[in-house]
Every structure is written in C-alpha cells, then in structure tokens.
Number of protein chains: 4
Amino acid sequence: MRRGTATVVPDPETALARPLRADARRNRERILKAARSVFADQGSDAQIDDVARRAKVGVGTVYRHFPTKDALLDALVRERFDEICVLADEALARDDAWEGFRDLVWRSAELNARDRGFCDAIAYHDQTAVVVDCGLMGRVEQLMRRAQAQGALRADATTDDISLMMCGLGSVVRTIPSPDVWRRYVALMLDGLRAT
Amino acid sequence: MRRGTATVVPDPETALARPLRADARRNRERILKAARSVFADQGSDAQIDDVARRAKVGVGTVYRHFPTKDALLDALVRERFDEICVLADEALARDDAWEGFRDLVWRSAELNARDRGFCDAIAYHDQTAVVVDCGLMGRVEQLMRRAQAQGALRADATTDDISLMMCGLGSVVRTIPSPDVWRRYVALMLDGLRAT
Amino acid sequence: MRRGTATVVPDPETALARPLRADARRNRERILKAARSVFADQGSDAQIDDVARRAKVGVGTVYRHFPTKDALLDALVRERFDEICVLADEALARDDAWEGFRDLVWRSAELNARDRGFCDAIAYHDQTAVVVDCGLMGRVEQLMRRAQAQGALRADATTDDISLMMCGLGSVVRTIPSPDVWRRYVALMLDGLRAT
Amino acid sequence: MRRGTATVVPDPETALARPLRADARRNRERILKAARSVFADQGSDAQIDDVARRAKVGVGTVYRHFPTKDALLDALVRERFDEICVLADEALARDDAWEGFRDLVWRSAELNARDRGFCDAIAYHDQTAVVVDCGLMGRVEQLMRRAQAQGALRADATTDDISLMMCGLGSVVRTIPSPDVWRRYVALMLDGLRAT
DNA sequence: CATGAATGAGACTTCATTCAT
DNA sequence: TATGAATGAAGTCTCATTCAT
C-alpha cells in the first residue's frame, strides 16, 4: 500500500502504477484540496460525502482514488510530511544544527497549529509509516546527530522524542482553544531537549 | 453542562439539589463503576448501552443520572481529579516543593497511563472547569509558587503549563503503543520546567 | 442462535430469553407480517427499510428484533416450517403413510408455490438448521419409514431426498412464470420416489 | 434483449449484422472466456469490472460487445446450450432412444454440476428463448418422441419436463454443498420420467 | 423512578452503467 | 473504437437519545 519512494516530494503517479490520466489527476487534486478544507472545517467528523460535494465529484470518484476514508487521510498526511521534508532540507543546509533543528520544530508546529481540524482528523491516524516513507525520519535523525555533535542537543535525544513531541502537540492544538498556547508547549519541549 | 459547584471536593449529591434516595445513590455508584470499566475497555467507542448493561441497569436510568454521554464522562473526570487532589495534598505536605511537584506529576501521569481507554474517551472532553472546581488548580498553583520560591521551578511556569503537559500526555498515552513511552515524555517536560 | 425448542409451534418468547414486553411482542409480529408481505412483493431485493416502513416502525426497531437481514429471513423460514410441522402431524395421524406423505408434500409445496417472492428471498438461506430445530425432520423421517414399511415408498429414500426436492421446487416456483408448472414438478418427483 | 436468430447454432457475428473486425472478434472471445472464469469463481457476485480486468480490456469494451450484464450472461448461456446441442446430436445418433435421452440428461447435468458459480450466476436468467433458438429444444423433442415410441419414456413427458428438471437441478447444484447430491436428484427425476 | 424498546438521521461503501479522452 | 474514470442511487447497519410501560 505504501509506494516506498524516498524523494522529497514523491510523485505517486509515476511510481509503480501507471500514470493517471490527465482528468483523473485533476480530480485527484480537487479531491485532496476539498478534503483539506473539509477536514479543516469539520475535523474528524468530516464525511466523505462532503468531500465529494465540495470537490464537485461523485462519491464514487472519491472512493476510486482513495478506497477508504483512512486512505484519504493518509494522502493528506503524506502531503503534510512532504512539506515538512522541504523544511527539513532547509534546516540541514544551515551551519548551526541546533538552530536548524529548533526552527524546523517551530515551523512544522506552526504548520499544524494553523489547522486544528486537520490535527483533529489525524489524531488517530498511524503516521509512523509515512514519516519513514517520505524520508523525514532520516533527515531529522541527521539533523539531530549534528546538533548533538555540536553539543546543543541533549545526548540521549532520539527521533522518537520528536514523534512524542509532535503527538502531544496535536492534542494541545486541537484541545486548547487559545490560539497561541501551542507556542508555550513547543518552548517547554525544546527546553527539555536542549543540552544542559 | 457544568454543574457550577465551587466547593473544594464537591459532592454533587449534597450540594443544592435534594439528597438522592439511598437506592438512587447506589445506582449512581454502580453506573460510575460500570462506566469506568467500560470506557477503560472500549475507549471512545464505548456505548451508553454497554455501561447500562454492565451496571445491570436500564439505559433510562443512566440517562436519569447523567443526562448526556458527556455528563457521564465529566463525572468520571471529576473522580479522577479528586484522586489527584489527594496526591496534591500529599505533595504540599512535603518540605521540598520541587520534589513534591515532580512526584505529583509522575503519580498523576501514571494514573492516566494506566488506562489508555479512559484517556481515549476523554480526549475531547473539556476539563478546564473541572480542574478549577475540584480545587486541584489552587493546590498546584500553591505548590508551584513554593517550588519557584525555592528556586527549583522555572520562574515563568504557570498552572497552564501543567494543563498543557497533561493534555499532551493524554495523546501520547492513547496514541503510542509502547507502554512506557509516556515516561520519556514526562521526563522531557519536567526538564523543560526545571529552573536552569 | 438457535433456540433448540422441539415443540410443534415453538414460542420463541418463552425460550431462554426473558419474555418480550407486550409492546415489543406486538412490534415483533408487525415486523414479521410486514416482512412477509415485503418479501412476497420484492423477493430477494426486499430492503429492510421497506419492511420497517410497512411495519410503521423505525429501522432500528427492525434491527433490534432481527440483528441482520438474514435473521429476519430466518424467522420467516421458521414460521413457514412451523406451519408445515402442523401438516406433518396431520399426515402422521393417517393410516396410509404413503397418502400422508404424498399429501404432505403437496400441501407444503402449495404453501411455497403461493408466494414466489418468499421462495426467491430464501433461495440462498441455509435451512438445514431450521428443519431439524423445529422438529420437521424427525416427523418426516417417521412418516417415510412407515411409508417404506408399507411398501409404498422406495426403500432407499431418505429425508435428504425431500430437501432435494424442495430445493428444486423453490427454483421452479420462482423461475417459471406459468403458475401451475410446479405441480408437474411435484408429480414427477413423487413418481420418482414411489416404490416400483 | 434476445437477438432473435433462428439458425440451429447461430453465429451471432455472421448473422445479419456486419461481421466484426478481426480484433473485435478476438476481444469478444477474450471477454467471453474471462466471463466464464469470473462467473465460475464468483457466481452471481461477479462484477463486470472483474470480467474486464481478467480479459485485459476496458469496461467500455465489455459494454460495447454486451450492452448489459444480462446480455453477457445470455451469451454464456448460449454457449453452454451449444455444447449441449452437440451432446444431443450424439444422443440422437444412438439406436436406443432412452439410453440416448438418459445419457444426455446425465451429461448435461454434469456440465452444470461442474461449475456451481455459473449455475449461481444464471439462476435468475430466463433461458426459454435460448433453448429454442439454439435448436436444443427441437432435438430433445425428437429424442423424447423416439423414446416414447420405444416405450421407455412415459407417454405424457414433454420438453417442459426437461426444463423443469434442469431448473431444479441448478438450485440443487448451487445450494447444496455436498458435491454429488445432484446425482441423486437426477436419478430420482429420471425414475419419475421412465415409463412404468 | 426504573426499564428497555423505539427512533431515525446519518455513516460508509458498492457497482451497473455512462461518457469524456 | 477502446479505455477506464466518473457517476450516484441504493443498501446495510449504528447509536445517542427519547418515551411508553
């Protein structure tokens, strides 16, 4: 089910399956776009019918592209992680690894904080596969190793800590109404991760 | 939806409303007990019918005591916070405030970590009112102020940070399968909260 | 799932489960009646929603009584076999066992022939359990043994032959439009079963 | 829905319509072959998409050749009857008409018994037109008349009885799991048809 | 008061058939 | 002409909550 590409922004159409027909690709995009907005609005209560409606497409079409509600969510998650992968590359390009790491955390947290609905929708979606697939895991690991070598990140920190942190962040974002509380959460966590 | 009592450990039966008849009170307890175990087992999928069945009571009776699924959940949360209040009192009794604070965090985290089902069930339950109502907020604030005075807790820490932390913890507990990962989460957070 | 009663017309309400409340029993009857007529009209295409509508009952009520479309069908089949059980007892009361057997076959065939829709609906419903449960199997076996002893039924005939015959009959009834062709089918089969 | 050819073994391609282009004919064959195997595997649950997939052809192509699922089924039935026509000719070539008739019945029954899936798929398919169209009806009638003249087949037997019998057989084959029960059915039926 | 039967909107998904490419 | 993407009505079943007994 996973396509196993490791490029930064994997092009699912060119993987193993034959490329999508132009109209199908167009629909796929419309559906994803609609899904993004529907999930943003309704969170985990979002319904496939709404997605279809907003994409101006029959339900069947949605199901053809994403055989299951979960598959649709997965595609959305994949997109999000692809975005973050780009950020990770920028972080890796910097000399100061800790600054890179810190900013990466802030920027990806912000990405999530921007839509609570999405955080809500994916709360129960297993993301472990995606993080590895899209290559984010590898990049973050590299970044963390360098930050540790530079003595800025605590020596025992691992990528699992980041998963942990992001997991908790999701909860904070979708649960607490005040729009900026997540910043405090991230600040505390980063302090906890910094070398002492 | 909130019942608005302001006593430290409110006993909803003796508040303003007439005291419940003995059998009604017995039923209330049975329902709560059943609910605890059903939610523990099924998490957010638990159904009121299951609770009723396990309490050997009709659904109607459940609804008489708790007009809504959410109200039932709220009562459960209230119980949990009452437990923690006791722990908070023990913490306040200690000389070293930071140790008291730290242990309180660990012990209440453990309480939650012990049942993922419950964490799952209350994931979307707004707990702000309860924390205040039951007096936990006040106790924790006191504890934190003392820990700050002793120079062990970072000066800018507030009770909101604790809410934040517990909120994230819930997500970690119910999302991540490995049974002890939550400990790492708590450790990081406490490190983030310690005075530097 | 089977209640294992062996009385002629089993009273499912008094079996192992507690007796149904008066209104529930009334609804159960209404649903069965509605189901009979809906299946008669629409055959296997009949929908639970139609049954509910015709019974003037919510879908949920139908599902409460019969957790599955198949369970509803099963109840209908059970009723039908109970009817036939009565006929079987009449057949057993006669002196001439072959005449009893023959008439039983004719009368139960007629029962089925009267509603094609029903035959259609139960075409894929496994009836083996029901025939045994309701005691029909036993009665027919007795009848056949006596008819064999009297030298009228071929010696190698078993109750399986009857199942076979009724199975084929269903197909004839629901497939062939001319309303009386089934009679020829039964006649041929009986000739095939008579001792030579 | 019927194509109304009246030749003995109609070749729908060469009839009145323009002959199909070579590739179109090839496709038609592939589709039929695929359909045979798909229906054999899945019975009445078979989907046109599966047929197309197995034929390595688009659904549209299937629909071009067979405007309806039913039309496809009809073609399959037609093929089956064509096979039986050949058997009927062999039967007619024998001196003993009853033996010819009996063997014809056994052999065609076996043909059906070999694939339950097919029996299942055509359970609701009206075959009356096809039997006449393909000339099977005529042959069987001839055979039966000769068998009657030879005093082996009961005088009142008609081709309708055979339809009846085959109709019931289908039900037995697809309903009863034990793989050889159909033989008993055929035996009984033949006994019912033999002159006494 | 307790009971548990009833309600019914709504969720997800399937598949024969059409039609744009 | 072939392709396969799109359609969308329809079907089964769930469950929080209400209400007659």
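Please read all numbers here as calculations on a predicted model, not as lab measurements.
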- Picking from dC13(F), dA5(E), dC12(E), the nucleotide nearest the side-chain atoms of K69(A) would be dC12(E)

- Message: Does this structure show an ion pair linking D115(C) with R80(C), if we count only N-O contacts that are shorter than 4.0 Å?
- Response: yes

- Within the structure, does a side-chain N or O atom of N27(C) lie under 4.0 Å from either OP1 or OP2 of dA5(E)? no

- Could you state the atom-to-atom distance from CG of L72(D) to C1' of dT17(E) in whole Å? 14 Å

- Options dC15(F), dT3(F), dT17(E), nucleotide nearest the side-chain atoms of V57(D): dT3(F)

- Proximal nucleotide (of dT3(E), dA2(F), dA5(F)) relative to the A24(A) side chain: dA5(F)

- Task: Scan every strand shown for a Watson-Crick or G-U wobble partner of dT21(E), both distances under 3.5 Å, and answer none if you come up empty.
- Result: dA2(F)

- Query: Counting only N and O atoms by type, is there a donor-acceptor contact under 3.5 Å from the side chain of R174(D) to the main-chain atoms of G170(D)?
  - Reply: yes

- Query: Can you tell which of dT21(E), dT12(F), dA16(E) lies closest to the side chain of Q47(C)?
  - Reply: dT12(F)

- Pairing partner of dT14(E), by Watson-Crick or G-U wobble and under 3.5 Å for both distances, is dA9(F)

- Query: Expressed in angstrom and rounded to an integer, what is the separation of L73(D) atom CG from dA16(E) atom C1'?
  - Reply: 14 Å

- Could you state the atom-to-atom distance from CD1 of I31(B) to P of dC1(E) in whole Å? 13 Å

- Query: Of all the nucleotides listed (dC13(F), dA6(F), dA16(F)), which has the minimum atom distance to the side chain of V59(C)?
  - Reply: dC13(F)

- Message: With a cut-off of less than 4.0 Å, is there a side-chain N or O of T61(A) near OP1 or OP2 of dA5(F)?
- Response: no

- Using a heavy-atom cut-off of under 4.0 Å over every strand shown, decide if D49(C) touches base, sugar-phosphate, or nothing. base

- Message: Rounding to an integer number of Å, can you tell me how far F66(C) CZ sits from dT12(F) C1'?
- Response: 17 Å

- Query: Salt-bridged, R54(C) to D50(C), with N to O below 4.0 Å?
  - Reply: no

- Message: Can you tell me which nucleotide in dA5(E), dT14(E), dA5(F) comes closest to the side chain of R64(A)?
- Response: dA5(F)

- Message: Under 4.0 Å between a side-chain nitrogen and a carboxylate oxygen: does that hold for D74(A) and R78(A)?
- Response: yes

- Task: Write down the distance between NZ (K56(C)) and P (dG8(E)), rounded to a whole number of angstrom.
- Result: 13 Å

- Taking only N and O in the side chain of H65(A), is any of them less than 4.0 Å away from OP1 or OP2 of dA6(F)? yes

- Find the distance D70(D):CG to dA16(E):P and express it as a whole number of Å. 12 Å

